[in-house]
Amino acid sequence: MARTFIGGVHVEEYKNTRRAQIRRMDPAPRKVCIPLSQHIGVPSVPVVKPGDIVDRGQVIGEAAEGLSVPVHASVSGKVTAVYERIGSTGNKVTCVEIENDFEDRDAATIKPFEKRLPDTTPEEIIEVVKNAGIVGMGGATFPTYAKIQSAIGKATSLIINGAECEPFITADHRTMLESPASVVNGTKILLKALSLRRAYIAVEDNKLDAVEKLNELLKDSELIKVQVCKTKYPQGDERQLIFALTGRELPPGKLPADVGCVIFNAETTAAVFRAFAKGAPLIERVITVDGDCVREPGNVLVPIGASAMDVIEACGGLVKQPYKLIFGGPMMGVAQWDPEAPVTKGTNAILVLSREFEGVGKYGQPPVCIHCGKCAEVCPVYLLPNYIAEFDIAGRLEDAERFGAEACVECGACSYICPGYFPVTQHVKNAKSKIIAAKKKAGARISR
Amino acid sequence: MLKKKRAEAATAQPLSRDEISLLTVSSAPHIKHPDNTRILMADVLIALTPAYIWGIYVFGWRALTLGIISIVSCVLFEALVQWILKRPITVGDLSAAVTGFLLVMNLPVTVPLWIPVVGAAFAIIIVKQLYGGIGKNIVNPALAARVFLFISFPSYMGDYSAVMDKPSPFEITLDTVAAATPEASATPADAVAAATPLHAFKNGVMPDEGLFTLLIGDHAGSIGELSALLLVAGGIYLLVRRVISWRIPVSFVGTVFILTMLFPKLPLVSDQVALQYALRQILSGGLMLGAIYMATDYTTSPVTQKGRIIYGICCGALTVFFRYFSGYPEGVSFAILIMNFLVWYIDKFARPKHFGWTKPVPPEKSGKLAEGGEAAK
């Protein structure tokens, strides 16, 4: 029996690219625009100025004080500008623009880690992971070194998240299929860093070929086990995955380490391995490019900072007028307003959907909640989204809080299932952020 | 299909960057489950159809005339009210058609042809639209209209005398009813001329109809409530299509069954007779129609899983109460209407604890505060 959680919804998969081999972005971008804030925490500090010549992998933004990681040049070339622009999440970020000279010079600092794994200490591993600028690549972009630090001594089991429950995206799937060794070895490094003796690699049962590959490598391993999970959205959410594997419920506002788990994305794990084996900083990542507007959907290894249009043109360009351009999956991804938006470390997919595909106006009735309760049935955190949405509209924040709005994981299942086309998720998110803001202001609970 | 489209598109020139129009930005999710309100409502209409066709077979074409009048007037009233109130016209979601369909299922075939028009006006204008339209009404429109008609025109609504004669489909007011009207006394129950199985229950005797007759539905009653078998079949279709959940119908019917079996309103019964009695209770009257199609109405039923069971049990208990002790033979409509008003409180009471819920830590008593207080003194 495949492991799973309660609630959730089976979303149409659209995994058209499941057989598309990872290929390098070709042609390489003429210029890249690298945001210095691609992680949760303090933005990095730029250490280059316009006119500088940089090598690939050279540090262009140093980690600031506090929660921060360095940012590296993803191509070699000349820095043309350091300026502020609106990033893919809608906030203003400082960006470094580099013109590619196509020489692919690697920085001198890139060299493999020299010690053997049994001789390394957790501190050394954390140092390497931090210097490589690795963050959670599933989309949350939490600095990986900080996650390791927070989990040392608290977590008892390590979970590698290869569930990839979002429709369309196959980046993790292809990574696990094409380089299972880097995922497995990355897991071993993380086990060492955390001084743990147990790890699970969680994979949904629509990726059994990847499970096979991993199992082949793990035949003799006592430490690492592959766990097959049911294909259901949002299986890849850390709360749902921890519940599926351990039966523990992670309360809102807590870290996985608080329930004895620590969880890394499969591609992050592979990046950790590359940081050791090759000394490679996180300057490129696999991105699934798909959607009905893209001519040749596929999985592309893209240098960080390449613009979305460059990546799409490397996939044959657009064949239809796009309606939405989404960074991430269709369920939780962020719709972009700018086709030139740069990809970041957390971008696992670029989707271009046409108006017909998106289905707006197909139904033609005004959005309305008909109180059917389907949202409550699919909610993976057992909320009553219809009531919370109504409270949000009515401005009744106390009631929304009492109904647990803060526990929302923003997975989008309620809006997806809603037969009335009511933007349930949006209202619940709204209520949630208003409650959090009000609490910050008051410094305490706003209700009894 | 996507693949085919892609193959067609692959021959075209890719769009250049300048040709791209403005992108749309909106909150996630960006895809949608194919089901919408219209599809769900259409499913309800499909599920009701077999039982209705059986009604036409038993009662003749007048049942069809009434149905058309009822559905058309519901849809027209909805469009009219929305047009007057300058709201978007939403008859396309088929919810008004479902109301009209449910209304005709609840009428005896002998009612005058203007009865469904009056019922539709009450259901759509007063119960539904004045409260804000679909999703906002407090009680089930079709049921409220049925009860409204029942207490306003008891002689028409309680008359099952002519049911087996296949009355004329076009005569506006039937003679039998007109003749019966003067004799109708003040109490509605007395106005009832022909006996449905429920009247036997009311009088504390076992109805003549056998279980098989009740299951197939070859007896007196409202147009749509006859065949328990076809109503259940429609209910199974709705379950398979995931339009309704099993919780309300099962707990509703189950409660009626258990209560009538434990406390049959018969003098001195054996277990065997009690079982027969309880089976006849759940198969007769509007129970199946009410439990499967009316109590599960989205807008007027709880959304929580636990709440749905509580709601079903309360509906069942009230139904038995009304069947045993009220002045009316049937209690399903009243039971559901009463429970409709309590939906919000049931949901509030039965809402699940969210994922990862932990007992809130009570604010720290005394301790520092008390010390501070003393220091202030």
Side-chain angles (χ1 to χ4, degrees), chain A residues 9 11-12 16 167 239 249-252 254 292 295 309 313 316-326 330-337 339 353 358-359 363-366 368-373 376 380-384 386-387 403-404 407 412 415-417 419-421 423 425-426 429, chain B residues 2-3 5-6 9-10 12-17 19-40 87-88 90 92-93 95 133-136 242-243 245 298-305 308 343-344 347-348 351-358 360 363:
Chain A
V9 56
V11 180
E12 174 68 60
N16 316 307
R239 280 160 216 279
E249 290 192 5
L250 174 57
K254 296 271 167 117
D292 60 337
R295 177 180 297 204
M309 259 331 273
E313 275 173 8
L318 296 172
V319 288
K320 256 195 263 187
Q321 196 55 252
Y323 179 67
K324 274 187 184 174
L325 188 140
I326 302 157
M331 295 297 281
M332 290 184 76
V334 184
Q336 302 295 320
W337 59 274
L353 305 180
E358 220 260 1
Y363 173 46
Q365 300 287 332
V368 63
C369 169
I370 60 166
H371 205 265
C372 63
V381 288
Y382 325 144
L383 299 178
L384 304 178
N386 58 324
Y387 286 123
F403 272 60
S415 281
Y416 174 77
I417 201 78
Y421 284 60
T425 314
Q426 197 175 352
K429 273 192 212 171
Chain B
L2 201 65
K3 259 184 192 160
K5 273 191 182 165
R6 227 171 227 151
Q13 269 294 316
L15 294 174
S16 80
R17 291 189 190 207
E19 283 175 302
I20 296 170
S21 59
L22 286 179
L23 295 169
T24 304
V25 180
S26 69
S27 180
H30 308 285
I31 51 173
K32 175 69 194 67
H33 192 274
D35 275 2
N36 57 38
T37 310
R38 185 187 298 151
I39 293 174
L40 297 183
R87 289 187 190 148
T90 62
D93 62 21
S95 64
I134 183 171
K136 309 283 196 306
R242 294 188 175 208
V243 175
S245 108
Y298 285 149
T299 311
T300 56
S301 66
V303 301
T304 52
Q305 312 300 355
R308 284 174 175 170
V343 162
W344 156 242
D347 265 350
K348 198 173 163 184
R351 72 175 195 271
K353 293 188 169 61
H354 66 71
F355 189 89
W357 187 85
T358 43

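Protein chains get the first letters and strands the later ones, always in sequence-line order, with residue 1 at the start of each. Note that these values count all heavy atoms, side chains included, but never hydrogens, waters or copies made by symmetry.
- For B:Lys353, the part lying under 4.5 angstrom from a heavy atom of chain A is the backbone only.
- Both the backbone and the side chain of A:Ile417 come within contact range of chain B, judged by heavy atoms closer than 4.5 Å.
- With a 4.5 angstrom heavy-atom cutoff, A:Gln426 touches chain B via backbone and side-chain atoms both.
- Both the backbone and the side chain of A:Met309 come within less than 4.5 Å of a heavy atom of chain B.
- Across A:Pro423, A:Gly317, A:Gly333, the residue that shares the most heavy-atom pairs under 4.5 angstrom with chain B is A:Gly333.
- Looking at A:Lys429, only its side chain comes within 4.5 Å of chain B, counting heavy atoms on both sides.
- When heavy atoms are compared at a cutoff of 4.5 Å, B:Asp35 approaches chain A solely by way of its backbone atoms N, CA, C and O.
- A search for side chain to side chain donor-acceptor pair (under 3.5 Å) contacts involving A:Glu12 returns nothing, not counting sequence neighbours.
- Contact annotation for B:Ser16: neither backbone nor side-chain heavy atoms come within less than 4.5 Å of a heavy atom of chain A.
- Heavy atoms of B:Leu40 lying under 4.5 Å from chain A belong exclusively to its side chain.
- Residue B:Arg242 qualifies as open at atom CZ: its count of foreign heavy atoms under 6.0 Å is 12 or below.
- When heavy atoms are compared at a cutoff of 4.5 Å, A:Leu384 approaches chain B solely by way of its side chain, counted from C-beta outward.
- For a residue to count as touching a neighbouring chain, one of its non-hydrogen atoms must lie under 4.5 Å from one of that chain's; by this rule A:Thr425 touches chain B with the side chain only.
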